[in-house]
Amino acid sequence: MAAQTGGNLWRASSTVSVEAPPLAADARADLVIIGGGFTGNAAALEAARRGASVVLLEAETVGHGGSGRNVGLVNAGLWLPPQDVIKLMGREPGLRLVDILAQAPALVWSLVDREEIECEATRNGTLHLAHAPSGFRDLAERHRQGVELGAPLQLLDAEETKRRTGSSAFHGSLFDPRAGTIQPLSYARGLAAAAIRAGAKLHGASKVTGVTHDGEGWQVTANGHVVKAKSLLLATNAYFNGIDLGTRPQFVKVGYSQFATAPMPEHLRKNILAGGEGCWDTAMVMSSFRIDRAGRMIVGGIGNEGGAGGPVHASWARRKLRQVYPQLADLPFEHAWHGHIAMTGDHVPKILRLGPSGLACFGYSGRGIGPGTVFGTRAAIALLEDRETELPVAPVEQHVERFVEPKALYYETGAVLTHAINPPPFS
């Protein structure tokens, strides 16, 4: 049964709206932000609450990019185990980043509460699922490292994992009670609406066509108008559109697709992810599973369902659903959509220095919600108060990613090949 063409579920189900008219006149601000996703909106909110004047420019609509296409898992930490982060960055900066991002879900939940954001916030943790015995060994090591650093992680056996997920397909799991799920587009829009209430000026349909620094401040051009500001934050992540900045964020763009079923019957909802945990697995070509408030099962995986491999990814989603949840085998998919991840070679986020009081945050490598909120919030403070020590990672003058296009093709080709044969068509 093929995926239907209902498009992005988050756009269909969001109840949060934002008034962000196109930039229609020149403006001045303390901080100009390019990009209306988690990072940019969190920065706008923090800056405005600190009394700064803020102008945010979004080429499309608020949450148009990865923030409105996200799986919606509010994770603590990065995709990498903490010891890998420490090895890559050095002990002190690595431990600091691990500690800061361990608190990312708490920051998200606090903003949801303070700003009363209606985003289906479910604070019941996440389950990292072992797809094979080797995956469970990996989770055991992640559990050891996390507990050593004070994380409240729980390593669950196959039976407990089956009880929580309603599936016997997994060999165990790692439970993180700090984490949870949200409706990501509603969260992005909620941050934007809160920033507007705090005094920030947000403008959609305002594609930036020029960025310069005249020695005194930044001049950002959009819709034929100029915004002049002391500080600049580039917050486009994987949706950077080639603005000439002299330097530019470099990353590998990786596709990720999701397929949402019709709402599950009530008798099935009682046994399938009844706690509302968000899930992803340990497979090299990762899959994700979660439910929304209406009881839709949302299956995700690496790959671009809007590209040439779309039919393969859609067919895989049906087989994967049948394999993991055979009781849902005939439940139709009503929505299918995709987004892009900004992947760095070491899977560690970057902050690039663009010039005087100018920064770019990018490269969350699939962990956009928590890190995006943290990086945006802290970048606003660093820029407004000239406190780079507030930043989660030290800014760099240049970040180079080699073979960007071949690597992007490698990820997509690998996903297509994997989804074509695994799980087998009749498993």
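All of these numbers come straight from a predicted model, not from anything done at the bench.
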Partner residues of R296 under the side chain to side chain donor-acceptor pair (under 3.5 Å) criterion, sequence neighbours left out: D292
Taking all non-hydrogen atoms of both residues into account, name the closest pair between V285 and G414 and its distance. CG2-O, 4.5 Å
State whether the side chain of H203 and the backbone N or O of L57 hold a donor-acceptor pair below 3.5 Å, judged by distance alone. no
With heavy-atom distances below 4.5 Å as the criterion, would you say the side chains of M89 and V348 are in contact? yes
Using a 6.0 Å cut-off, check whether atom CG of D386 has over 12 heavy atoms from anything other than its own residue. no
Quick check: do I298 and W10 have side-chain heavy atoms less than 4.5 Å from each other? yes
How about R353 and E388: do any of their side-chain heavy atoms sit closer than 4.5 Å? yes
Decide whether S14 and R189 meet the rule of one side-chain donor and one side-chain acceptor closer than 3.5 Å. yes
Shortest non-hydrogen contact from V374 toward A104: CG2-CB, 3.7 Å
Could D30 and K228 be called an ion pair, given the rule that one side-chain N must be under 4.0 Å from one carboxylate O? no
Could you check whether any side-chain heavy atom of L129 comes within less than 4.5 Å of a side-chain heavy atom of F289, counting everything from C-beta outward? yes
Can you give me the closest heavy-atom contact between I291 and M297, atom names plus distance? CG2-CE, 3.9 Å
Identify the two heavy atoms, one from S173 and one from T161, that lie closest to each other, and give their separation to 0.1 Å. OG-OG1, 2.8 Å
Side chains of R378 and T389: any donor to acceptor distance under 3.5 Å? no
Say you draw a straight line from CZ of R293 to CD1 of I182; how long is it, rounded to the nearest 0.5 Å? 12.0 Å
Main-chain N/O of G370 paired with N75 side-chain donor or acceptor, under 3.5 Å: no
Does NZ in K320 sit with more than 12 non-hydrogen atoms of other residues, nucleotides or ligands closer than 6.0 Å? yes
By side-chain contact (heavy atoms from CB on, under 4.5 Å) - contacts of R197 (at least two apart): E115, A193, A194
Under the side-chain contact (heavy atoms from CB on, under 4.5 Å) rule, what do L354 and L359 come out as? Steps first, then yes or no, please. CA-CA 5 Å; L354 300 175; L359 299 172; 5.8 Å; no
Please answer whether the main-chain N or O of I381 pairs with a side-chain N or O of R387 as donor and acceptor at a distance below 3.5 Å. no
For a quick test of your reading: what N or O donor-acceptor pairs under 3.5 Å do the side chains of residues 232-243 make, sequence neighbours left out?
{"unit_1": "N237", "atom_1": "OD1", "unit_2": "G363", "atom_2": "N", "d": "2.9"}
{"unit_1": "Y239", "atom_1": "OH", "unit_2": "H340", "atom_2": "N", "d": "3.1"}

Nearest 0.5 angstrom please: T126 OG1 to F175 CZ, how far? 7.5 Å
Partners meeting salt bridge (charged side-chain N to carboxylate O under 4.0 Å, His left out) with R144 (sequence neighbours left out): E141, E148
Is there a side-chain contact between M264 and L328 in this structure, where contact means two heavy atoms from C-beta onward sitting under 4.5 Å apart? yes
To the nearest 0.5 Å, what is the distance between CG on L321 and CZ on F259? 11.5 Å
Can you tell me how far the OG1 atom of T165 sits from the CD1 atom of I272, to the nearest 0.5 Å? 9.0 Å
Just do the side-chain contact (heavy atoms from CB on, under 4.5 Å) check on V226 and V220 with the steps written out, would you? CA-CA 5 Å; V226 177; V220 180; over 6 Å; no
Rounded to the nearest 0.5 Å, what's the gap from CZ on F362 to CZ on F375? Could you check? 10.5 Å
Has the side chain of N223 got a donor or acceptor atom that lies under 3.5 Å from a matching backbone atom of H225? no
Check this for me: K207, atom NZ, are more than 12 non-hydrogen atoms of other residues, nucleotides or ligands nearer than 6.0 Å? no
Heavy-atom donor-acceptor pair, E58 side chain to E60 backbone, under 3.5 Å: yes
Around D244, counting heavy atoms of other residues, nucleotides and ligands shown, do more than 12 lie under 6.0 Å from its CG? no
Which value, rounded to the nearest 0.5 Å, describes the distance between L56 atom CG and L23 atom CG? 11.0 Å
Is there any side-chain hydrogen bond (donor to acceptor under 3.5 Å, both in side chains) pair reaching into residues 297-317, and which pairs are they, with sequence neighbours excluded? N304-H338, E305-H338, H313-E412, H313-H419, S315-R319
Any side-chain to backbone donor/acceptor pair from S167 onto V324? Under 3.5 Å, distance only. yes
Is a side-chain donor or acceptor of Q154 paired with a backbone partner of D176 at a separation under 3.5 angstrom? no
Between Q145 and H143, is any side-chain donor less than 3.5 angstrom from a side-chain acceptor? no
For S186, does its backbone N or O pair with a side-chain atom of Q183 as donor and acceptor, under 3.5 Å? yes
Examine distances only and state if a side-chain atom of R367 and a backbone atom of G77 form a donor-acceptor pair shorter than 3.5 Å. yes
Under 3.5 Å, which donor-acceptor pairs do the side chains of residues 80-88 form with other protein atoms, sequence neighbours left out?
none

Side-chain H-bond candidate by donor/acceptor type, T209 with T221, under 3.5 Å: no
R69 vs N8, test: side-chain contact (heavy atoms from CB on, under 4.5 Å). Steps then yes/no. CA-CA 7 Å; R69 303 161 192 264; N8 189 333; 3.9 Å; yes
Qualifying residues under ring-ring contact (aromatic ring centres under 6.0 Å, His included), relative to H347, sequence neighbours excluded: W79
Flag yes if more than 12 heavy atoms outside E118 fall under 6.0 Å of its CD atom; otherwise flag no. no
Quick one: closest heavy-atom pair of A260 and L9, and the distance? CB-CD2, 3.8 Å
Restricting to pairs with a member in residues 277-287, which pass side-chain hydrogen bond (donor to acceptor under 3.5 Å, both in side chains), not counting sequence neighbours? H128-W280, H131-T282
Passes side-chain contact (heavy atoms from CB on, under 4.5 Å), L127 versus L156? Steps please. CA-CA 9 Å; L127 293 166; L156 309 179; 3.8 Å; yes
Pairs under 3.5 angstrom only: tabulate donor-acceptor contacts from the side chains of residues 33-49 to other protein residues two or more places apart or in another chain.
{"unit_1": "T39", "atom_1": "OG1", "unit_2": "Y364", "atom_2": "OH", "d": "2.8"}
{"unit_1": "N41", "atom_1": "ND2", "unit_2": "G36", "atom_2": "O", "d": "3.1"}
{"unit_1": "N41", "atom_1": "ND2", "unit_2": "G37", "atom_2": "O", "d": "3.1"}
{"unit_1": "N41", "atom_1": "ND2", "unit_2": "A188", "atom_2": "O", "d": "3.0"}
{"unit_1": "E46", "atom_1": "OE2", "unit_2": "R50", "atom_2": "NE", "d": "2.6"}
{"unit_1": "E46", "atom_1": "OE2", "unit_2": "R50", "atom_2": "NH2", "d": "3.2"}

Only counting residues at least two apart or in another chain, list the ones meeting salt bridge (charged side-chain N to carboxylate O under 4.0 Å, His left out) with D346. K350
Just wondering, do L101 and P371 contact through their side chains at under 4.5 Å, heavy atoms? yes
Going by the rule side chain to side chain donor-acceptor pair (under 3.5 Å), which residues pair with S231 if we only count those two or more places apart in sequence or in a different chain? S357
Heavy-atom distance under 4.5 Å between the side chains of R28 and V227, does that happen here? no
side-chain hydrogen bond (donor to acceptor under 3.5 Å, both in side chains): which pairs involve residues 249-261, sequence neighbours left out? Y256-S288
